[in-house]
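Report on the following structure.
What's counted below: heavy atoms across the whole structure, side chains too, no hydrogens, waters or symmetry copies.
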Amino acid sequence: MKGIHGDLSDRWRGLHRKCHCRAINSKGERVVVLDDLVYGHRESIDADIPFYQGSAGDRGLLARIAKEHRIESCIHFASLISVGESEKNPAEYFENNVGQGISLLKTRTQIGS
């Protein structure tokens, strides 16, 4: 089962993720989505796709997802994209877009699939 993490912030990214999910499903693979829904919308994810609301930095949730699904790979769609806001608060953007991605990778390597 393929695992996709996405904290998507706008319609384009929601559509982008939806297209990725459908493309993976069309190849006979299954997708799992993790999203904090800060900017994303649950409606942008097909109803038949397993969905978890939370953060890529939540190691307990990642372990639960790995236990419930056989995760073979991950795609991290970093979400915070507002240039003006990122200039005012670069640490928040770094933590979300880079730090949580690193946490996701570390957790994946520690817990496996």
Side-chain angles (χ1 to χ4, degrees):
M1 181 170 298
K2 304 291 181 190
I4 292 186
H5 161 73
D7 296 326
L8 305 178
S9 60
D10 59 23
R11 286 181 158 188
W12 182 85
R13 287 183 178 252
L15 178 61
H16 187 68
R17 173 182 54 199
K18 188 175 227 176
C19 290
H20 269 83
C21 290
R22 286 183 176 169
I24 291 168
N25 279 341
S26 73
K27 295 181 185 273
E29 300 288 347
R30 296 200 53 228
V31 175
V32 175
V33 173
L34 167 64
D35 193 329
D36 65 9
L37 297 181
V38 169
Y39 295 106
H41 303 278
R42 176 62 178 102
E43 303 81 43
S44 71
I45 304 159
D46 291 341
D48 62 334
I49 294 176
F51 173 79
Y52 295 82
Q53 185 171 352
S55 164
D58 184 339
R59 291 179 175 220
L61 179 56
L62 293 173
R64 181 176 142 218
I65 293 169
K67 184 178 179 181
E68 293 175 5
H69 305 276
R70 189 169 173 257
I71 306 296
E72 296 173 351
S73 63
C74 292
I75 300 171
H76 179 240
F77 291 101
S79 71
L80 300 179
I81 61 169
S82 171
V83 174
E85 191 177 289
S86 71
E87 291 174 346
K88 292 177 186 170
N89 194 354
E92 179 183 353
Y93 276 67
F94 184 84
E95 169 57 29
N96 185 75
N97 296 348
V98 178
Q100 287 190 21
I102 292 169
S103 178
L104 174 66
L105 293 173
K106 282 183 178 179
T107 302
R108 289 282 303 133
T109 57
Q110 290 172 351
I111 63 176
S113 55

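With sequence neighbours left out, Arg64 forms a salt bridge (Lys or Arg N to Asp or Glu O under 4.0 Å) with Glu68. Here Glu95 pairs with nothing under the side chain to side chain donor-acceptor pair (under 3.5 Å) rule; sequence neighbours left out. Residues forming a side chain to side chain donor-acceptor pair (under 3.5 Å) with Glu85 (at least two apart in sequence, or on another chain): Tyr93. Partners of Arg42 by salt bridge (Lys or Arg N to Asp or Glu O under 4.0 Å), not counting sequence neighbours: none found. Asp46 is linked by a side-chain contact (heavy atoms from CB on, under 4.5 Å) to Lys18, Arg22, Asp48, Ile49, counting only residues two or more places apart in sequence or in another chain.
Residues in residues 42-67 take part in these ring pair (Phe, Tyr, Trp, His ring centres under 6.0 Å) pairs, two or more places apart or across chains: Tyr52-His69. Judged as a salt bridge (Lys or Arg N to Asp or Glu O under 4.0 Å), not a single pair has a partner in residues 50-59 (not counting sequence neighbours).
For the pair Val33 and Cys21, the tightest heavy-atom approach, listed with the atom from each and the gap, is CG2-SG, 3.9 Å. The two residues Ser103 and Gly57 have their closest heavy-atom pair at OG-CA, 3.6 Å. When all heavy atoms of Glu92 and Asn89 are compared, the pair lying nearest together is OE1-ND2, 2.8 Å. The heavy-atom pair separating Leu61 from Ser55 by the smallest distance is CD2-N, 4.4 Å. What you find for Arg30 and Pro50 is that their closest heavy atoms are NH2-CG, 3.7 Å.
Under the 3.5 Å distance criterion, the side-chain polar atoms of Thr109 are matched with a main-chain donor or acceptor of Lys106.
Separating the CG atom in Leu34 from the CD1 atom in Ile65 is a distance of 4.5 Å, to the nearest 0.5 Å. Interatomic distance, SG of Cys74 versus CG of Leu105, reported as 7.5 Å (0.5 Å rounding).
With a 4.5 Å cut-off on side-chain heavy atoms, Gln53 and Asp35 do not count as touching.
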Full working for side chain to side chain contact (heavy atoms under 4.5 Å, CB included) between Leu62 and Arg108: CA-CA 8 Å; Leu62 293 173; Arg108 289 282 303 133; 6.0 Å; no
